[in-house]
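Data block below; observations after.
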Protein chains: 2
Amino acid sequence: MSTATMTIGQVAKRCGLGVEAIRFYEREGLIPDPPRRTSGYREYSQETVARIHFIRRAKELGFSLKEIRELLTLRVDPETTCSDIKVRAQDKLRDIDAKMRSLRQIKRALQRLTAKCEDTIGPTGECPILEALGTSTPLQSASTARR
Amino acid sequence: MSTATMTIGQVAKRCGLGVEAIRFYEREGLIPDPPRRTSGYREYSQETVARIHFIRRAKELGFSLKEIRELLTLRVDPETTCSDIKVRAQDKLRDIDAKMRSLRQIKRALQRLTAKCEDTIGPTGECPILEALGTSTPLQSASTARR
DNA sequence: ATGAACTCTGTACCAGAGTACGGGGTCAAA
DNA sequence: TTTGACCCCGTACTCTGGTACAGAGTTCAT
């Protein structure tokens, strides 16, 4: 692939977003103001495309734009020391582990559901999704806690 | 623990939600209208509490209420056959696997970041989060695809 | 050299998912 | 038996994350 720049529409298609969403992220400071052609058209570098891709993925995982901004600026501020960063990154890691656990739980429930479907015909009985999700782990980390 | 019922406030605290959110889920049909005391107070069974818990978790994972409703009603409609359910559940499983992959990627990036912090002092250089997230996997499943 | 397809700015609007009242009953512990 | 915390309902408001124009300029494939 080329290392060339892309127009906003190309980036949008590539990243599975609308053009306006990308401009929106720019306004919100999630991506840098890109350089412009003389016509005013935005030109996106591969790096920025990667950043946008990242944003979409993280969004799908339930991170808010605010959280995503935090993830993306973990290194940017030259004020913050390395150990600051480390603490924050470890916070995020805990969040992510909690999400993984939840996903694994839901996944197991769904698998049990499909397994049940193997050997019964017609509507299923009790819901194995709920069965698999009693009260269980509190799940409240440093960067999730509020109120 | 008791198998007794709980008031809405207790449920809210237990599940880490606001009282209004729970009433909102009721209006939206994500949870059944609970039985009431003569005073009108709602009484929640353990089963419903589990359901509410599930909703909160799934939300944290980036599922919309609409998707959560789909997850929760995978078995409910006596019209749908078992193989229907199976297909839908497998769709969801694919979504979940995609999410897990993305999470793992972000996690690896964060780990690399903290590792980098071990051996450098002061602000870090290039962002390992972005490094770890080039263009990579498309991630677009049956129940995610739109437009 | 022209027209379809794209991009620009700006403003307005939208849906999803709650939050926040206000005005009133209810519960339970002191 | 009262008082502080809790619950009821309804309506209105908020915040997030975009979408949808409108009117105008650009690109480039034919």
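Reminder, nothing fancy here: chain letters follow the sequence lines and each chain counts from 1. Reckoned from all heavy atoms, side chains included, excluding hydrogens, waters and symmetry mates.
- For A:Lys59, the salt bridge (Lys or Arg N to Asp or Glu O under 4.0 Å) test picks out no residue, with sequence neighbours left out.
- OP1 and OP2 of C:dC6 both lie 4.0 Å or more from every side-chain N or O belonging to A:Arg42.
- Distances shown here put every side-chain N or O of B:Thr7 at or beyond 4.0 Å from the OP1 or OP2 atom of D:dC6.
- In this structure, CD1 of B:Ile22 is placed 15 Å from P of C:dA20, rounded to the nearest angstrom.
- Computed from coordinates, the B:Glu60 CD to C:dA17 C1' distance equals 15 Å when rounded to whole Å.
- Computed from C1' positions of five pairs at each end, the angle between the two local axes of the helix from C:dA1-D:dT30 to C:dA30-D:dT1 equals 30°, rounded to 10 degrees.
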Validation: residues 22-37 of chain A side-chain donor-acceptor distances under 3.5 Å, sequence neighbours left out:
from    : atom 1 : to      : atom 2 : distance (Å)
A:Glu26 : OE1    : A:Arg42 : NE     : 2.8
A:Arg36 : NH1    : A:Gly40 : O      : 2.8

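- Following rounding to the nearest Å, A:Asp33 (CG) and C:dT7 (C1') show an atom-to-atom distance of 16 Å.
- Applying the 4.0 Å criterion to OP1 and OP2 of C:dT9, one finds that A:Arg36 has a side-chain N or O inside that range.
- Judged by distance alone, the side chain of A:Glu67 and the main-chain N or O of A:Ser64 form a donor-acceptor pair under 3.5 Å.
- Computed from coordinates, the B:Gln10 CD to D:dA5 C1' distance equals 12 Å when rounded to whole Å.
- Between the A:Lys107 side chain and the B:Asp97 main chain, no donor and acceptor come within less than 3.5 Å of each other.
- Rounded to an integer number of Å, the gap from OH of A:Tyr44 to P of C:dC6 is 16 Å.
- In this structure, B:Lys13 and A:Glu20 both approach DNA chain D, and ranking their closest nucleotides by distance from the 5' end singles out B:Lys13.
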Inset, instruction - Classify every nucleotide of nucleotides 24-30 of chain C by which part a protein heavy atom approaches to under 4.0 Å, writing B for the base, S for the sugar-phosphate alone and - for neither, in 5'-to-3' order. - result: -BBS---

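- Between the side chain of A:Lys92 and the backbone N or O of B:Leu110, no donor-acceptor pair lies under 3.5 Å.
- Residues satisfying the side chain to side chain contact (heavy atoms under 4.5 Å, CB included) test with A:Gln10, not counting sequence neighbours, are A:Met6, A:Thr7.
- For B:Arg57 (side chain) and A:Ser102 (main-chain N/O), no donor-acceptor pair under 3.5 Å exists by modelled atom type.
- OP1 or OP2 of D:dG18 lies within a sub-4.0 Å distance of a side-chain N or O belonging to A:Tyr25.
- Taking atom CD of A:Glu28 as the reference point, atom C1' of D:dG17 lies 8 Å away to the nearest angstrom.
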Inset, instruction - Indicate for each nucleotide in nucleotides 10-16 of chain C, in 5' to 3' sequence, whether protein heavy atoms under 4.0 Å reach the base (B), only the sugar-phosphate (S), or nothing (-). - result: -------

